[in-house]
Amino acid sequence: MPELAYVNGQFMSLAQATVPVEDRGFQFADSVYEVLRTYGGQPFALDEHLARLRRSLAAIALDYPTDNLRGIIAEAVRRAAFPEAVIYLQITRGVAPRHRAIPAQVRPTLVLTVRALVPHPEWQEHGIRVITVPDNRWGRCDIKSVGLLANVLAHQAARNAGAHDAIFVEADGTVNESTAGNVFIVRAGQLLTPPKSHRILAGITRDKFLAITPVTETRITAADLLGADEVFLTATTVEVVPVVMVNGKPIGSGTPGPVTRRSLELFHKNFRPAGPSRG
Ligand SMILES: Cc1ncc(COP(=O)(O)O)c(C=O)c1O
């Protein structure tokens with residue numbers, strides 16, 4: 001089966017999947033989402049992703065029973081039959097005449113897609129370049145909202161500058177996160193990451209990593225970032241990605257450092273099933 005979608009109870013090919021124009025997810029980004037990956041064909045950290053989804057739903061007062069999702073995800077992964085898959089799951093408020101007020105009677109829309117995971121071993125091997133950009137996002141980045149325009153524009157600004165991604169920095173110099181991942185730095189052998197707040201998404205990869213290695217959760221400034229011995233990002237599909245250059249300045253030796261390499265190995269050792277790498 002090629003790339004697959006599930007929309008409100010129906011499986012179909014991704015190319016066939018549509019939502020109505022008056023879906024509030026389309027019109028207002030009145031919608032939250034999750035992205036999961038599989039290891040060995042099994043969704044990774046499913047409980048944690050569903051728990052975060054429930055937190056996002058509660059934060060936007062969207063009443064949606066999530067009990068059915070486990071079965072739908074399992075069936076979607078089974079039908080798609082990719083060696084390793086990325087599962088995108090989005091719940092919108094539903095379809096209603098366009099008005100800001102949240103409609104009283106509306107059926108939420110569930111959209112799920114399954115695509116093949118495209119690994120990027122070259123990023124893990126050689127690292128990526130990032131730029132810093134002003135954090136002009138809204139004040140609830142802890143909600144996994146589909147309102148990602150600021151992230152899209154920041155990511156594109158990075159691409160236009162010849163970099164891979166952008167890291168959001170507050171006006172006072174506080175480093176928050178990248179457009180799609182959490183930030184870690186290494187300073188004098190110590191791992192540091194910004195604490196959870198409304199300014200960052202609490203990454204599942206971040207949580208999983210914190211459970212297996214000592215990390216200090218503390219404010220990081222742009223100066224700390226630029227002066228760090230090592231920098232890396234964490235996110236579901238890319239796991240641990242070394243950052244070797246920030247704003248054109250090499251980090252450490254300009255190549256992935258030993259703590260970052262060990263962190264990726266540790267992550268794999270704990271969470272990736274043994275056997276041939278499938279991304
Ligand atoms: C803004 C942002 N921060 C952090 C993350 C990392 O989250 P996770 O580890 O759950 O993939 C993501 C993932 O997409 C993200 O979009």
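What you see below is based on every heavy atom in this structure, not just the backbone, and it leaves out hydrogens, waters and symmetry mates. Indexing begins at 1, ligand by ligand and atom by atom, following the structure's order.
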Test item: T179 side-chain N/O and A166 main-chain N/O as donor-acceptor pair under 3.5 Å:
no
Quiz: residues 186-194 side-chain donor-acceptor pairs under 3.5 angstrom, not counting sequence neighbours:
from : atom 1 : to   : atom 2 : distance (Å)
R187 : NH1    : D224 : OD1    : 3.2
T193 : OG1    : V183 : O      : 2.5

Is R52 in polar range of ligand 1, meaning some N or O pair under 3.5 Å apart?
yes
Check this for me - ligand 1, R137, N or O atoms closer than 3.5 angstrom, yes or no?
no
Taking the six-membered ring of F28 as reference, does the NZ or CZ atom of R93 fall below 6.0 Å from its centre and within a 45° cone about the axis?
no
Which heavy atom of the protein is the closest neighbour of atom 9 (O) of ligand 1, given with residue, atom name and distance?
T205 OG1, 2.6 Å
Atom pair CD (E34) and OG1 (T236), whose distance is rounded to the nearest 0.5 Å:
8.0 Å
Distance under 4.0 Å to a non-hydrogen atom of T236: what atoms of ligand 1 satisfy this?
8 (P), 9 (O), 10 (O), 11 (O)
What atoms of ligand 1 come within less than 4.0 Å of a heavy atom belonging to E177?
1 (C), 2 (C), 3 (N), 4 (C)
At under 4.0 Å between heavy atoms, is it the side chain or the backbone of T179 that contacts ligand 1, or both, or neither?
backbone
Over 60° means perpendicular and under 30° means parallel, so tell me whether F209 and F267 are parallel, tilted or perpendicular.
tilted
With a cut-off of 4.0 Å, which atoms of ligand 1 are near a heavy atom of K144?
13 (C), 14 (O), 16 (O)
Look only at the side chain of D142 and the backbone of L201, and say whether a donor-acceptor pair between them is shorter than 3.5 Å.
no
In the protein, what heavy atom is nearest to atom 7 (O) of ligand 1, and what distance, to one decimal place, separates them?
G203 CA, 3.4 Å
Is the shortest N/O to N/O distance between A235 and ligand 1 below 3.5 Å?
no
What I want to know is whether N182 and ligand 1 share at least one N or O pair that is separated by under 3.5 angstrom.
no
Sub-4.0 Å heavy-atom contact, E34 with ligand 1
no
With a 3.5 Å distance limit and no angle check, can you tell me whether S145 reaches the backbone of G147 through a side-chain donor-acceptor pair?
yes
Tell me, with the steps shown, if T174 and R219 meet side-chain hydrogen bond (donor to acceptor under 3.5 Å, both in side chains).
CA-CA 7 Å; T174 306; R219 177 172 178 258; 2.9 Å; yes
Just to confirm my output: which protein heavy-atom neighbour is closest to atom 13 (C) of ligand 1, and how far is it?
A180 O, 3.5 Å
